[in-house]
Amino acid sequence: KLQFLYLIATSCPYHTMTMAVRLILAGLACALAGTAKAGRVNKVVLATKEAPGAIGPYSQGIKVASPGGAAVYVSGQVGLYPNGTAVEGGIVPETEQLMKNIEAILAAGGLTMDDVVECTCLLADLDEYDAFNAVYAKFFDSDSPPARAAFGGNVLPKQRRAEVKCSAHSFD
């Protein structure tokens with residue numbers, strides 16, 4: 001019943017079902033599945049020793065489950081090894097490690113880099129944009145990279161050269 005309600009709510013063409021009806025059916029499916037209680041979602045804090053621990057009041061990542069799949073939100077990762085020590089050598093090795101950190105957090109939530117749909121990238125110096133992109137691109141399928149925004153001129157945590165946060169989704 002739940003899958004049927006969710007399927008109806010998410011797959012019917014807009015012209016055959018108003019958005020209000022779609023939202024009601026999706027909400028009903030979530031409520032019946034126990035993932036929506038008093039307006040809350042099933043939120044799980046992700047933590048793995050395969051990536052550095054949070055250096056402030058935040059989680060490495062959050063997984064949100066629903067009847068139709070899951071979403072993982074990965075907090076910004078910088079060039080730190082899982083034990084918390086800084087990666088040396090500049091933008092290339094830092095980017096390589098921060099992307100490995102993202103992979104590890106996604107894995108803790110049961111997802112992969114193929115599930116990433118959006119990234120936000122912060123660079124301390126936009127002159128390093130090309131070097132950053134060369135490493136970043138290796139972690140995604142070149143035919144379907146995630147949506148992305150990149151910003152420069154930032155002072156980043158732990159005096160790192162780059163920081164990347166991302167969102168990933170899986171659909172049952």
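Note that the numbering runs from 1 along the sequence shown for the chain.
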With salt bridge (charged side-chain N to carboxylate O under 4.0 Å, His left out) as the test, would you mind laying out the steps for E128 and R161 before giving the verdict?
CA-CA 9 Å; E128 298 176 322; R161 308 300 307 151; 3.1 Å; yes

Between the main-chain N or O of [Y] and the side-chain N or O of [X], is there a donor-acceptor pair closer than 3.5 Å?
X	Y	answer
R160	V155	no
N101	G79	no
K63	G109	yes

Validation row: [X], [Y] side chains within 4.5 angstrom (heavy atoms):
X	Y	value
E94	V78	no
L126	F151	no
E96	F139	yes
E163	P157	yes
C119	F140	yes
L106	V74	yes

Under 3.5 Å, is there a donor-acceptor pair linking the side chains of T120 and E118?
yes

Here the pair of heavy atoms bringing S167 nearest to H169 is CB-NE2, 4.3 Å

Would you name the heavy atoms of F132 and T95 that are closest together and state the gap between them?
CD1-OG1, 3.4 Å

To the nearest 0.5 Å, how far apart are CD1 in I102 and CG in L111?
13.0 Å

Side-chain donor-acceptor pairs of residues 45-57 under 3.5 Å, sequence neighbours excluded:
unit_1: T48; atom_1: OG1; unit_2: E50; atom_2: N; d: 3.0

